[in-house]
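Notes to accompany the following structure.
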Amino acid sequence: MEDKKSCCHSAHRTKERSEKEYRDLINRLSRIEGQVRGIRKMVESDAYCPDILIQVSAVNAALNSFNKVLLGNHIRTCVAEDIRAGKDETIDELVKTLQKLMR
C-alpha cells in the first residue's frame with residue numbers, strides 16, 4: 001500500500017489513510033480479534049465466568065481505545081480540512097457521531 005495523504009471524501013464516504021495510520025488501526029483490530037477468539041476458547045473450555053468477564057472488559061477497553069485513536073485521526077484530518085474549507089456541516093456530523101458514541 002502506498003503512502004496516501006490524509007483526506008476524506010464525504011460524498012463517497014471513504015478516507016485515504018497514511019500507511020502508518022492504516023497499519024496502526026489494522027494492528028489494533030488484529031489484537032482485538034485475537035482477544036475475542038481467546039474469549040470464545042474460554043467459553044468452549046468452560047472457564048470460570050468472572051475470568052471471562054474480565055477478558056470481555058479488556059476487549060471493551062481495547063475497542064474504546066481504537067475508537068479514540070480513530071476519532072482523533074478523523075478530527076485532525078477530515079474535520080480540520082473541512083472546517084478550513086468552510087464546510088460547517090462537518091461539525092454537525094461530528095456532533096451526531098459523538099452523540100452516538102456516548103450512548
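Owing to the predicted nature of the structure, the values given are computational and were not obtained by experimental measurement.
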#### Entry: Cluster check L29, V59: I/L/V/M/F/W/Y, side chain < 4.5 angstrom
yes
### Query
Heavy-atom distance under 4.5 Å between the side chains of R31 and N27, does that happen here?
yes
### Task
Could you tell me the separation between the CZ atom of R37 and the CD1 atom of I32, rounded to the nearest 0.5 Å?
12.0 Å
### N/O donor-acceptor pair under 3.5 Å between T97 side chain and E93 backbone
yes
#### Entry: Residues, nucleotides or ligands: over 12 heavy atoms within 6.0 Å of R40 CZ
no
### Task
Look up atom CG in L53 and atom CG in N60, then write down how far apart they are to the nearest 0.5 Å.
10.5 Å
### Query
Yes or no on side chain to side chain contact (heavy atoms under 4.5 Å, CB included) for V56 and I52, after CA distance, side-chain angles and deciding distance?
CA-CA 6 Å; V56 170; I52 297 171; 4.2 Å; yes
### Task
State whether the side chain of S45 and the backbone N or O of K41 hold a donor-acceptor pair below 3.5 Å, judged by distance alone.
yes
### Query
When you look at D82 and D88, which way does the side chain to side chain contact (heavy atoms under 4.5 Å, CB included) test go after all the steps?
CA-CA 7 Å; D82 282 357; D88 290 338; over 6 Å; no
### Query
At what distance, to the nearest 0.5 angstrom, does CG of L94 lie from CD1 of I75?
5.0 Å
### Query
Distance from K96 atom NZ to L101 atom CG, nearest 0.5 Å?
14.5 Å
### Message
If I compare all heavy atoms of F66 with all of R28, which pair ends up nearest, and what's the gap?
### Response
CD1-CB, 4.0 Å
### Query
Are V36 and V43 linked, directly or through other ILVMFWY residues, by side chains that come within less than 4.5 angstrom of each other?
yes
### Message
I'd like to know if K15 and E21 make a salt bridge, using a cut-off of under 4.0 Å between side-chain N and carboxylate O.
### Response
yes
### Query
Should the pair K20-D24 be classified as a salt bridge under the 4.0 Å nitrogen-to-oxygen rule?
no
### Query
What about V69 and Y22, same hydrophobic cluster or not, with Ile/Leu/Val/Met/Phe/Trp/Tyr joined at side-chain heavy-atom distances under 4.5 Å?
no
### Query
Rounded to the nearest 0.5 Å, how far apart are CD of Q35 and OG of S30?
11.5 Å
### Task
Kindly work out whether a path of hydrophobic side-chain contacts (I/L/V/M/F/W/Y, heavy atoms less than 4.5 Å apart) joins L63 to L25.
yes
### Task
State plainly whether one hydrophobic cluster holds both V79 and L98, where clusters connect Ile, Leu, Val, Met, Phe, Trp and Tyr through side-chain heavy atoms under 4.5 angstrom apart.
yes
